[in-house]
**Q** 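Handing you a structure now.
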Amino acid sequence: MTTVALGVESLTATVGDTPILRGVDLELPFGQIHAIMGPNGSGKSTLCHVLSGRSGYGVGGTALLAGTTLLDKPVPERAALGLMQAFQYPVEVPGVSLREFLSEAGEALGLDPAEVGERVEREASVHGMGRFLDRSLNDDLSGGEKKRSEIFQMAVLRPKVVVLDEIDSGLDIDAVREVSRAVEGMRAPEVGVLLITHYSRILRYLAPDRIHVMIDGRIVESGGAELAHELESGGYEALRARLGLEAPPRAAAPKASDFFTDTPFDL
Ligand code: ADP
Ligand code: MG
């Protein structure tokens, strides 16, 4: 068995004629947590979308999940292979309880229903989710509770590769700390976690094995905790200067993407 949970090579993505990912290389071993950091608009969410199979992109390069090619598979097959994405904005599904959702998802993944039922009970008590089990999925949950729910769902469904897009966005500092602990708690020898974040604050509470910085659709630097410290003190501009990267062209007027940390269709 391969030790690489997710291997990405020369991954490119375009929307129409516009290149968004310009050749992403990444190796996430099983048992590790990697963080991808980058300014708004650098392509972080696009990387998630392309990995999980959202339509609308021209895609090139390769991505292997535990050695199996991903990019040629339809979305449900990617999930069945063990890919799970937590959304920046989890959708509310009135009328479908969290318990029903997990039972359906488990069935779709070919898990034993009794085993799923046991995991639901066990993990609900670990993650404090008992009182949400029979309520509609994500309905009337706070931002922090939604993130907690996503992590609980992963603990039940046990994907091989977890992609968390801006799991800290919109959370107050206590919720960031709680979510960080839960992510750290997902660390396991049979899982690889890819944590995407715009701010370095989440990295104060959890220790990724490696940090990658994405700028303009490429990973321009990888390193350890010192990279997060550099970004915290100098921002992305200082990193650009150190690496000799050109500053982004100044737009005449701010774009919507300057204010939102994700593309609007993620809502
Ligand atoms: P990040 O998540 O790092 O903030 P995104 O992956 O959301 O960045 O976006 C990367 C760039 O690609 C941005 O400039 C964004 O405006 C552009 N982009 C993303 N999706 C589309 C799309 N469907 N059509 C046109 N441009 C897009
Ligand atoms: Mg984003």
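In what follows, every heavy atom counts, from backbone to side chain, and hydrogens, waters and symmetry copies are set aside. Order of appearance sets the numbers: ligands from 1, and atoms from 1 within every ligand.
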**Q** Could you check which of T46, N40, L21 puts a non-hydrogen atom nearest to atom 5 (P) of ligand 1?
**A** T46
**Q** With a cut-off of 4.0 Å, which atoms of ligand 1 are near a heavy atom of S42?
**A** 1 (P), 3 (O), 8 (O)
**Q** Walk me through it: do K147 and E178 pass the test salt bridge (charged side-chain N to carboxylate O under 4.0 Å, His left out)?
**A** CA-CA 10 Å; K147 307 293 162 128; E178 188 200 322; over 6 Å; no
**Q** Below 4.0 angstrom, N of the basic side chain to O of the carboxylate: do K146 and E150 qualify?
**A** no
**Q** Step through the shown structure and confirm whether more than 12 heavy atoms of other residues, nucleotides or ligands are within 6.0 Å of CD on E9.
**A** no
**Q** Show which atoms of ligand 1 fall inside a sub-4.0 Å distance from at least one heavy-atom site of P39.
**A** 3 (O)
**Q** So, the side chain of D209 versus the backbone of Q32: is there a donor-acceptor pair under 3.5 Å, distance only?
**A** no
**Q** Heavy-atom pairs closer than 4.0 Å: do any link ligand 1 to the side chain of I20, the backbone, both, or neither?
**A** side chain
**Q** Looking only at non-hydrogen atoms, which of H49, K44, R54, M214 approaches atom 3 (O) of ligand 1 most closely?
**A** K44
**Q** Backbone or side chain, does S45 get an N/O/S atom under 2.8 Å to the Mg ion (ligand 2)?
**A** yes
**Q** For a salt bridge (Lys or Arg N to Asp or Glu O under 4.0 Å) with D216, tell me which candidate from R240, R22, K44 qualifies.
**A** R240
**Q** Going only through I, L, V, M, F, W and Y residues with side-chain contacts under 4.5 Å, is there a path from M186 to V126?
**A** no
**Q** Could you name the option among S45, G217, G43 that has the heavy atom nearest to atom 2 (O) of ligand 1?
**A** S45
